[in-house]
2 protein chains.
Amino acid sequence: MEKLNDTLLYTLDKCFRTYNQFAQRNVRKAGYDITIDQWLILKSVAENPDITQNDISKIVFKDNASITRIIQLLINAGYLIREIHPSDRRRVNLTLTGSGKKITIDVNEIAIQNRTTALKNINEEAVQQMKNLLQQVIENCK
Amino acid sequence: MEKLNDTLLYTLDKCFRTYNQFAQRNVRKAGYDITIDQWLILKSVAENPDITQNDISKIVFKDNASITRIIQLLINAGYLIREIHPSDRRRVNLTLTGSGKKITIDVNEIAIQNRTTALKNINEEAVQQMKNLLQQVIENCK
DNA sequence: CATCAATAATTGATATATCAACAATTATTT
DNA sequence: AAATAATTGTTGATATATCAATTATTGATG
């Protein structure tokens, strides 16, 4: 039987988890009480002011139900406001609060730094090539 | 602010999830009621008969607590037997049952097929290079 | 316009991830 | 040998993932 750690999925999994834990650790260390996943949602609202939760779920590649619950936590934390959308009562209208805006920007700085560290000694071309390969794998799995 | 989907972490995340969902779907479609994560644990027991739960957690890159709970599910499903280790009463002794052995092998076949599909049109050299890059990222995050 | 289909979001159930606290056992130190 | 430290695993609490069922609303069709 093929050894576990020879597979690409294994390395992918390990890399993603290592990166994610590393990034999360640095955010905590800087004193911010937010997860990377929560920040990604704040960021997608910041970048797309009129976005729906459905679209967020596609962007951050998570289930609709997860988005609802994470957003509830972000509201509890005072980073987001949820209202009924004026032109479509099925939708929600998400707005960043002042502290929501601040933490989105602050954590973004840390995220950029994280990326720099994670990609140390890897040239831009190689990163691009890796992205292309990952994209090809994604296509193959559809 | 940098767009979300330009980042490597994003593509990594997406690729891993897509691959995982794809693999999981194929396992279900073949009629097996087991998750990829559960199968990975069965497989690591099959490959390392005297393994501890601590070591499993390192191999599959998960928390100790998660391993305990997943193993409990595998016991409930009749795939694993847990006993006290004869020479160290702190440890557990994990053994695959007959159906545990069978499903480990069966799902392995599907996993090999999944990998082939996922890596279609990607040559061996590129896969190896991607693994190396991912490994480099892992090192950078330590 | 009444009905049916589609869409947006929520909720429930179960599995898993993570951290911290804990219990049991074994190893080490003095 | 007794005290202390280290190791192995479990449990509790909370967050998240996933699927299915449900509600509310809007859109489409006859």
Name the residue closer to the 5' end of DNA chain C, choosing between Ala65(B) and Ser87(B) according to the nucleotide with the nearest heavy atom. Ala65(B)
Of Arg17(A) and Arg91(A), whose closest DNA chain C nucleotide lies nearer the 5' terminus? Arg91(A)
What's the [atom1]-[atom2] distance between [X] and [N], to the nearest Å?
X        : N       : atom1 : atom2 : value
Trp39(A) : dT16(D) : CH2   : P     : 15 Å
Asn20(A) : dA15(D) : CG    : P     : 17 Å
Ile71(B) : dG9(D)  : CD1   : P     : 8 Å
Ile70(A) : dT10(C) : CD1   : C1'   : 15 Å
Lys58(A) : dA9(C)  : NZ    : C1'   : 13 Å
Ile56(A) : dA9(C)  : CD1   : C1'   : 12 Å
Leu80(B) : dG9(D)  : CG    : P     : 13 Å
Arg25(A) : dT18(C) : CZ    : C1'   : 14 Å

Verify the distance criterion only: is there a donor paired with an acceptor across the side chains of Asn140(A) and Gln136(A) at less than 3.5 Å? yes
When you compare the side chains of Asn20(A) and Gln24(A), does any donor N or O come within less than 3.5 Å of an acceptor on the partner? no
Please determine whether the number of non-hydrogen atoms from other residues, nucleotides or ligands lying under 6.0 Å from atom CZ of Arg89(B) exceeds 12. no
If you count heavy atoms of other groups shown closer than 6.0 angstrom to CG of Asp33(B), is the number above 12? no
Would you mind telling me which of dA17(D), dA17(C), dA15(D) lies closest to the side-chain atoms of Ser66(A)? dA17(D)
Out of dT16(C), dC19(D), dT8(D), whichever nucleotide has its closest atom nearest the side chain of Asp63(A): dC19(D)
Arg91(A)/Asp50(A) salt bridge by N-O under 4.0 Å criterion: yes
With a 4.0 Å cut-off on heavy atoms, is [X] in touch with a base, just the backbone sugar-phosphate, or nothing at all?
X        : value
Ile67(B) : nothing
Arg82(A) : sugar-phosphate
Gln72(A) : nothing
Thr68(B) : base

According to a strict under-4.0 Å criterion, is [X] in side-chain N/O contact with OP1 or OP2 of [N]?
X        : N       : result
Thr35(A) : dT16(D) : yes
Gln53(B) : dT10(D) : yes
Arg69(A) : dT14(D) : no
Gln38(B) : dT16(C) : yes
Asn64(B) : dG9(D)  : no

Has the side chain of Ser99(B) got a donor or acceptor atom that lies under 3.5 Å from a matching backbone atom of Gly78(B)? yes
Tyr79(A) side chain to Leu73(A) backbone, donor-acceptor under 3.5 Å: no
Can you name the closest pair of heavy atoms from Leu12(A) and Tyr19(B) and give their distance? CD1-CD2, 4.4 Å
Table of protein N/O atoms under 3.5 Å from nucleotides 23-25 of chain C N/O atoms:
{"from": "dT25(C)", "atom 1": "OP1", "to": "Arg89(B)", "atom 2": "NH2", "distance (Å)": "3.4"}

